[in-house]
Amino acid sequence: MSGRILLSAATESAADRLCATARPVAGGTDLLVHGLDAAPVNLVDLSRLAGRRRPVSRLPNGSIRVSATAPLSVITSADVPVPAALADAIAEFASPQIRNRATIGGNIANGSPAADLVPPLVVCDAIVGVRGSGGRRDVPIGDLLVGPGRTTLAPGEWIEYVDLAPVHHSGFRKLGYRRALAIAVVSLAWSWTRPGSGPELADVRLAAGAVAPTVVRCTRAEAALRSLRPDDVGAAARAIQDDITPIDDLRASAHYRAGALAGLVCELPMVAAHRGGKTERL
Amino acid sequence: MNVNGTAVTGYDAGARLLDVIREHLGLRGTKEGCGVGECGSCTVLLDGEPVCSCLVLAGQAEGREVTTVEGLASCPAGARLREQLVDHQALQCGYCIPGVMVSATAHLSRTEEVTEESVRTAISGNLCRCTGYTKLVSAVLTAASDTGAHS
Ligand SMILES: Cc1cc2nc3c(=O)[nH]c(=O)nc-3n(C[C@H](O)[C@H](O)[C@H](O)COP(=O)(O)OP(=O)(O)OC[C@H]3O[C@@H](n4cnc5c(N)ncnc54)[C@H](O)[C@@H]3O)c2cc1C
Ligand code: FES
Ligand code: FES
């Protein structure tokens, strides 16, 4: 016998109550890999909450509300489309089997600097809907990220949804060793608006993964990326070096990561142009 | 839960679904390769969707339909795929095959236009150390054309 007790949360308020004394599990794609033996005896299954609400819905203020407990494959087949950056990250995530289980809530709570869903959330100014027996709070995604494996979620709190700003142009790319089942060596998400028909950009947001203790918003590069002209793009690729603090690990050296991220920035005009009319996926 | 259409009770809800399938039910077609979601040899259908049974707790499958490789024999796409895998001599050691069959059968039974790319994506979570995938992919494509699904 495993000795574990799996408590099933049938409603959100049941989840609030159960999470006060037990650890949540959703897709299990991190918990069963990293922590099952170390995990507490009591686990709360959040995976049954997904069917109770629409996985993706549009709010009156224009934001897109995405369930944090629905499997990723359910999110991308919903009738309301999610911003392109999130759709791109899900399309390249792990494998079909993992996408049928893994959730956004688990990806955030796991706290990996290489979490693929977090950079898209950052460039969509995500507000994370957190709750527990102590009540609810709305937290900007950046305020949840502290360091590898750490978040500001209090014990007993769980993530119900994320609200994404309706960005016009966005995308996500990751470099990994292969297309499926690859953890990011570096990743980059972006969003911006285009005030005119030229290369000028406004409201630029850039966020990078696997180059700092958490996913980072790259504000220096954002300020430099005033347009998609080569001089501005070059300046952004240089500026982003001051936004990041990469390290050497088994997947790549810090030096490689810095150079590869500059490369992803330099390719932004090409990627944006290639998308052409497709950018309005939202 | 129902496994291959039969109601199952008396299992440990905190155990991995993979262990319940292999040890409690004695269905040894489902294999354990890595135990961490990377290889796909433990793939089963949960309410029709391929998942890694090494990463599902048995209690999470309660009240749901589980289909293992043994259960594919009764579905037309599964039976055709099995024939084609043999005809194409697409197996070597065979360890990956139950997982490949589960992923590919799910793909065949719900995809209108099966293409080489769609097959490669559908089995991208199933590692095969022997075949190099070429014969696996052509076996799946031929099974699809038998159903009229191959474009
Ligand atoms: C083979 C494989 C490939 C992978 N590939 C990728 C990849 O390409 N990119 C990537 O970013 N990740 C990848 N991962 C990691 C993992 O799949 C993701 O981090 C996933 O999003 C985790 O979600 P989950 O629902 O499975 O989390 P779980 O394993 O259920 O939980 C993970 C952690 O979060 C907590 N938790 C879960 N849900 C909530 C919630 N709603 N509120 C609060 N806490 C919660 C749990 O207590 C646990 O600590 C991969 C994993 C595997 C096994
Ligand atoms: S044993 Fe489950 S994926 Fe390898
Ligand atoms: S036939 Fe040996 S692993 Fe696929």
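Each chain gets a letter, A, B and so on, in the order its sequence line appears, and its residues count up from 1. FYI, side chains are in, hydrogens and waters are out, and symmetry mates aren't considered; it's all heavy atoms of this structure.
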Inset, instruction - Below 4.5 Å from any heavy atom of chain B, which atoms of A:Leu31 appear? Answer side chain, backbone, both or neither. - result: neither
Legend entry - Contact class of A:Ile5 relative to chain B, heavy atoms under 4.5 angstrom: neither
Looking only at heavy atoms, which two atoms of [X] and [Y] are closest? And how far apart?
X: B:Gly125; Y: A:Pro96; answer: N-CD, 3.9 Å
X: B:Arg16; Y: A:Leu32; answer: CG-CD2, 4.4 Å
X: A:Ser2; Y: B:Gly14; answer: OG-C, 3.2 Å

Flag if over 12 foreign heavy atoms under 6.0 Å of [atom1], [X]:
X: B:Arg64; atom1: CZ; result: yes
X: A:Glu267; atom1: CD; result: yes
X: A:Arg179; atom1: CZ; result: no
X: B:Tyr133; atom1: OH; result: yes

Legend entry - Structural part of B:Ser124 lying under 4.5 Å from a heavy atom of chain A: both
Inset, instruction - For each of B:Asp19, B:Val102, B:Asn126, tally heavy-atom pairs with chain A at distances under 4.5 Å, and name the one with the top tally. - result: B:Asn126
Legend entry - Contact residues of residues 11-30 of chain A (partner chain B; heavy-atom separation under 4.5 angstrom): A:Val25, A:Ala26, A:Gly27, A:Gly28, A:Thr29
Inset, instruction - Determine which residues belonging to residues 46-55 of chain A lie within contact range of chain B, meaning some heavy atom pair is under 4.5 Å apart, and list them by number or answer 'none'. - result: A:Ser47, A:Arg48
Legend entry - Contact list for residues 118-130 of chain B, test salt bridge (charged side-chain N to carboxylate O under 4.0 Å, His left out), sequence neighbours left out: B:Glu116-B:Arg120
Inset, instruction - With rounding to the nearest 0.5 Å, note down the distance linking CG in A:Leu43 to CD in B:Gln60. - result: 8.5 Å
Inset, instruction - Could you grab the distance from atom CD of A:Gln97 to atom CD of B:Glu38, nearest 0.5 Å is fine? - result: 11.5 Å
Legend entry - Residues in residues 45-59 of chain B near chain A [non-hydrogen atoms, under 4.5 Å]: B:Leu46, B:Glu49, B:Pro50, B:Val51, B:Cys52, B:Cys54, B:Leu55, B:Val56, B:Leu57, B:Gly59
